[in-house]
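Below, chains carry the letters A, B, ... as their sequence lines are ordered, and counting in each starts from 1. Please read all numbers here as calculations on a predicted model, not as lab measurements. Heavy atoms only: backbone and side chains are in, while hydrogens, waters and symmetry mates are out.
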Amino acid sequence: MNDTVNNKSQFIRLTRSQRIQHIILMISTTLLIITGFMLQADRWFISVLGNASEAVFWWRGFIHRVAGVVVTVICVYHLIYVVVSKEGRSWFLDMLPRVKDIVDAWQNIMYMLGFRKERPQMDRFFYLEKLEYWSVYFGMFVVIVTGTMMWTEYLWPKFYIDVAGAFHLGEATLAALAIIVGHIFSVHYNPHVYPMNRAFIDGMISEDLMKEEHRLWYEREMNKKENQQNGVDDNAK
Amino acid sequence: MKAQIKVLVFLATAIQLLFTTPMCLAEVDGSCTMCHKYPGLGRIEKAEGEQAKKTKRLFYINNKLFESTYHGKIRCKSCHTGVEKIPHTNAPAVDCATNCHIVDPSTNRSFSHKKIVDDYNNSVHGEAGSRIKDKSDLPVCKDCHNNKTYHDTVGKQTDSIHKVTVCKECHESEEFVQRFYEHIMYRTSKRRPSKDVVKLCSTCHADQELMKKAGLDAVVGFTYTFHAKAIKFGNEEVANCLNCHAPYDLGFSPHRITSRQEEHSPVSIENKIMTCRQSGCHVEAIDEFSLGSRVHPSPEKIRFLMSGEEPVPEENQVIKDPTFQTKVVGWIQLFYKVLITVVVGGLGLHRLLDMYASRRERRIRGH
């Protein structure tokens with residue numbers, strides 16, 4: 001698959017590989033959050049489980065570990081993906097933070113407050129998307145390392161485990177809240193795409209939305225398309 | 001201490017009058033149930049003080065239940081030594097070190113809990129072993145042995161039926177094998193769910209005031225450990241208070257709990273690692289596993305340390321803490337609190353602004 005123009009009104013936002021990676025990440029993270037925060041559950045929740053609570057406890061530990069392994073694998077896979085594959089490299093380059101992002105953020109806030117007439121024109125990924133993406137790097141690094149430590153608790157002094165536990169819980173809380181407030185709201189309750197941005201399922205973005213939200217990317221893609229057509233024409237000659 | 005106000009003496013007086021005949025003044029062992037079999041037997045007591053709480057005391061003994069307790073073979077008078085004649089006046093408190101008529105087959109001597117009572121007396125909870133001045137804060141036998149003493153579930157375990165059949169190859173009496181089978185089964189199984197142990201010990205050890213008097217940290221921090229969370233779910237594999245402070249497997253007992261300052265305590269610096277390495281636990285733990293921070297640091301303590309206060313004045317503090325480690329955990333928690341507020345707050349604010357902006361857009365477009 002390549003991420004160039006598909007047809008007139010639809011563009012490829014996410015390739016198949018990216019969608020699969022996203023879905024695996026989404027499911028395993030959800031499981032991790034649920035089974036992880038069950039440990040913080042209060043008596044009421046446990047009393048609802050009744051006699052099943054012991055079994056539930058066993059399963060939550062099991063699922064948490066399996067999902068943890070899956071997340072680790074998908075993260076490592078992603079690291080390889082952004083190095084090895086062409087679409088991965090293009091993704092990675094477009095994700096790299098630039099000075100423009102800071103300017104964009106400033107201008108966008110000014111626009112939203114009503115001090116500017118126009119939104120800044122964004123490229124393929126705008127500053128919040130980049131922030132989220134890089135947060136996942138940081139967050140995953142923290143939870144994978146501390147999670148592995150707690151899984152192999154007997155290899156570490158108790159103090160390390162305490163530190164790991166504090167980081168694990170803190171990072172998980174941060175991630176869970178950031179996902180709910182930042183990510184889910186922005187793809188579901190974005191006024192442009194309500195009720196849901198379907199890109200994570202079919203990978204497509206409409207030309208309108210693209211022009212509206214990712215103007216620079218749109219222009220880049222159109223240029224590319226023109227060049228390609230020219231190139232094809234050149235070859236034909 | 002208690003003003004015993006007899007508010008209710010149901011049948012009591014009537015029965016007492018009835019039996020004031022010499023016939024009944026004779027030794028009447030076993031006849032205690034004559035009166036105590038009546039469910040109405042009891043009285044309401046009022047404690048002294050401002051908010052006098054009324055407690056209802058039941059003196060009713062269910063014979064069938066009594067016989068299925070582990071004291072079921074002991075005569076009432078073996079324990080209630082003060083009750084000499086019937087009808088009786090207030091019975092004196094029971095002393096657990098009393099010799100009873102039951103003979104211990106291993107020594108052929110009459111049995112008593114004297115060894116436990118002595119051991120206990122020298123433990124940190126006992127009058128001789130404790131450091132504190134106000135001995136009334138210490139637990140007594142009845143504080144911990146508040147569980148029901150009858151165990152009618154052991155015999156019902158399905159696999160035991162088969163095993164009892166084996167016994168009957170040689171022993172004729174069904175009742176005998178059932179009794180002794182249960183006797184052993186009960187002792188080799190876990191007698192108290194971890195939840196109950198935690199609840200029991202926490203009645204005192206999570207009480208800030210009480211623990212401050214003893215110069216100890218309140219153990220409220222235990223709730224935040226993984227062990228406690230697993231126990232809350234009903235898991236029986238993780239350690240409860242007793243597995244660490246009185247592990248039977250390592251030769252300790254709930255009646256010989258000692259301060260961690262004592263060399264032979266299972267939680268002393270030297271012995272801690274052996275306690276962690278008990279079978280079924282962190283068997284392969286490295287030597288450093290038990291070092292460094294506290295096993296159940298109190299969050300109160302973390303808070304106090306962060307604010308620069310001392311939870312217990314230094315000179316009263318029995319155990320000096322590795323404060324640095326406790327502080328580090330506190331710093332991490334603080335770091336994340338700030339980070340979460342900034343990030344999530346920022347994202348939320350951004351979202352709200354966005355909604356505000358798009359409403360404006362719609363309004364402008366609508367015009």
Side-chain angles (χ1 to χ4, degrees), chain A residues 38-43 45-47 49-58 60-61 105 108-109 111-114 119 128 131-132 135 150 152-167 169-178 180-183 185-186 189-192, chain B residues 224-226 229-238 272 276-277 281-295 297 322 324-326 328-337 339-362:
Chain A
M38 274 166 82
L39 276 187
Q40 312 297 324
D42 63 352
R43 258 169 234 292
F45 172 76
I46 298 167
S47 69
L49 298 174
N51 287 340
S53 68
E54 209 182 330
V56 170
F57 182 79
W58 189 87
R60 74 140 285 285
N108 196 28
I109 290 168
Y111 166 78
M112 293 188 298
L113 287 171
R119 276 192 199 265
L128 275 188
L131 185 73
E132 268 180 48
S135 303
M150 289 195 285
T152 55
E153 87 292 336
Y154 57 91
L155 294 177
W156 311 90
K158 170 83 173 34
F159 175 51
Y160 288 32
I161 302 296
D162 284 352
V163 169
F167 268 114
L169 176 61
E171 189 57 44
T173 315
L174 174 62
L177 289 176
I180 293 167
V181 176
H183 193 69
F185 277 15
S186 73
Y189 295 99
N190 185 329
H192 298 151
Chain B
Y224 298 88
T225 65
F226 184 80
K229 288 168 183 170
I231 288 171
K232 260 198 332 194
F233 274 89
N235 182 300
E236 294 291 342
E237 281 160 21
V238 297
K272 241 158 106 180
C276 304
R277 281 186 189 145
C281 301
H282 311 276
V283 185
E284 292 172 62
I286 55 166
D287 290 344
E288 293 79 24
F289 180 68
S290 65
L291 299 181
S293 40
R294 295 288 303 271
V295 171
F324 171 71
Q325 280 92 335
T326 317
V328 168
V329 174
W331 286 328
I332 299 171
Q333 288 169 352
L334 187 69
F335 168 73
Y336 271 105
K337 264 183 208 149
L339 194 65
I340 288 171
T341 318
V342 170
V343 170
V344 177
L347 285 174
L349 215 61
H350 192 278
R351 203 80 275 290
L352 284 176
L353 274 180
D354 216 11
M355 271 147 68
Y356 167 68
S358 50
R359 276 184 66 183
R360 196 178 59 222
E361 274 169 21
R362 234 176 298 148

**Student:** With a 4.5 Å heavy-atom cut-off, do B:L353 and A:N108 have their side chains touching?
**Tutor:**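 No, too far: nothing below the 4.5 Å cut-off.
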
**Student:** Name the region of B:I332, side chain, backbone, both or neither, that has any atom closer than 4.5 Å to a heavy atom of chain A.
**Tutor:**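 It is the side chain, since no backbone atom gets that close.
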
**Student:** As an exercise, state the distance from CE of B:M355 to CE of A:M112, rounded to the nearest 0.5 Å.
**Tutor:**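 Spacing of CE (B:M355) from CE (A:M112) equals 12.0 Å.
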
**Student:** Among B:E284, B:R359, B:H350, which has the most heavy-atom pairs under 4.5 Å with chain A?
**Tutor:**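 Greatest number of close heavy-atom pairs with chain A: B:H350.
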
**Student:** Report the option among A:S135, A:A41, A:G170 that has the most heavy-atom pairs separated by less than 4.5 Å from atoms of chain B.
**Tutor:**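 Greatest number of close heavy-atom pairs with chain B: A:G170.
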
**Student:** If I take atom CD1 from residue B:I340 and atom CD from residue A:E171, how far apart are they, to the nearest 0.5 angstrom?
**Tutor:**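 It comes to 8.5 Å.
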
**Student:** Between B:V343 and chain A, with a heavy-atom cut-off of 4.5 Å, which part of the residue counts as in contact: side chain, backbone, both or neither?
**Tutor:**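 Only the side chain of B:V343 comes within 4.5 Å of chain A.
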
**Student:** I need the minimum non-hydrogen distance between A:L39 and B:K229, along with the two atoms involved.
**Tutor:**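 That would be O-CD, 3.3 Å.
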
**Student:** Give the minimum heavy-atom separation between B:L347 and A:G182, together with the two atoms involved.
**Tutor:**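 Shortest heavy-atom separation between B:L347 and A:G182 comes out as CD1-CA, 3.8 Å.
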
**Student:** Between B:Y336 and chain A, with a heavy-atom cut-off of 4.5 Å, which part of the residue counts as in contact: side chain, backbone, both or neither?
**Tutor:**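 For B:Y336, side-chain heavy atoms alone lie under 4.5 Å from chain A.
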
**Student:** Excluding sequence neighbours, so at least two apart, what forms ring pair (Phe, Tyr, Trp, His ring centres under 6.0 Å) with A:Y111?
**Tutor:**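 Scan of A:Y111 (ring pair (Phe, Tyr, Trp, His ring centres under 6.0 Å), adjacent residues dropped) gives none.
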
**Student:** Between A:T173, A:L128, A:I109, which has the largest tally of heavy atom pairs under 4.5 Å with chain B?
**Tutor:**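 When all of A:T173, A:L128, A:I109 are compared, A:L128 has the most.
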
**Student:** Could you tell me which portion of A:L169 (side chain, backbone, both or neither) has an atom closer than 4.5 angstrom to a non-hydrogen atom of chain B?
**Tutor:**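 Contact with chain B is absent: no heavy atom of A:L169 under 4.5 Å.
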
**Student:** Over 60° means perpendicular and under 30° means parallel, so tell me whether B:F233 and A:F45 are parallel, tilted or perpendicular.
**Tutor:**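 It falls in the perpendicular class, over 60°.
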
**Student:** For the atom pair CD (B:E288) and CG (A:L155), what is the distance rounded to the nearest 0.5 Å?
**Tutor:**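 Reported value, rounded in 0.5 Å steps: 11.0 Å.
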
**Student:** Just checking B:E236: does its CD atom have more than 12 heavy atoms from other residues, nucleotides or ligands closer to it than 6.0 angstrom?
**Tutor:**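 Enclosed: over 12 neighbouring heavy atoms sit under 6.0 Å from CD of B:E236.
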
**Student:** May I ask you to decide if the ring planes of B:F335 and A:F167 are parallel, tilted or perpendicular, using 30° and 60° as cut-offs?
**Tutor:**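 Correct class here is perpendicular.
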
**Student:** Name the member of B:C281, B:A230, B:G348 that forms the most heavy-atom pairs with chain A at distances under 4.5 Å.
**Tutor:**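 Looking at each of B:C281, B:A230, B:G348 in turn, B:A230 comes out on top.
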
**Student:** Just so I know, are the side chains of B:I286 and A:P157 near enough to count as touching, which here means a heavy-atom distance under 4.5 Å?
**Tutor:**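 They are in side-chain contact.
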
**Student:** Select, from B:G346, B:C276, B:G234, the one with the greatest count of heavy-atom pairs under 4.5 Å involving chain A.
**Tutor:**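 It is B:G234.
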
**Student:** Looking only at heavy atoms, what is the nearest atom pair of A:E153 and B:H282, with distance?
**Tutor:**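 For A:E153 versus B:H282, the nearest heavy atoms are OE2-ND1, 2.7 Å.
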
**Student:** Which heavy atom of B:R360 sits nearest to which heavy atom of A:L113, and what is that distance?
**Tutor:**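 Heavy atoms only, the tightest pair is NH1-C, 3.8 Å.
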
**Student:** Which heavy atom of A:R119 sits nearest a heavy atom of B:A357, and at what distance?
**Tutor:**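 Smallest interatomic distance, heavy atoms only, reads NH2-CB, 4.2 Å.
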
**Student:** Which region of B:F289, side chain (C-beta onward) or backbone (N, CA, C, O), has a non-hydrogen atom less than 4.5 Å from a non-hydrogen atom of chain A, or is it both or neither?
**Tutor:**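 Looking at B:F289, backbone and side chain both touch chain A.
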
**Student:** Restricting to non-hydrogen atoms, name the atom on A:I46 and the atom on B:K232 that form the minimum distance, rounded to 0.1 Å.
**Tutor:**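 Distance-wise, the nearest heavy atoms are CG2-O, 3.3 Å.
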
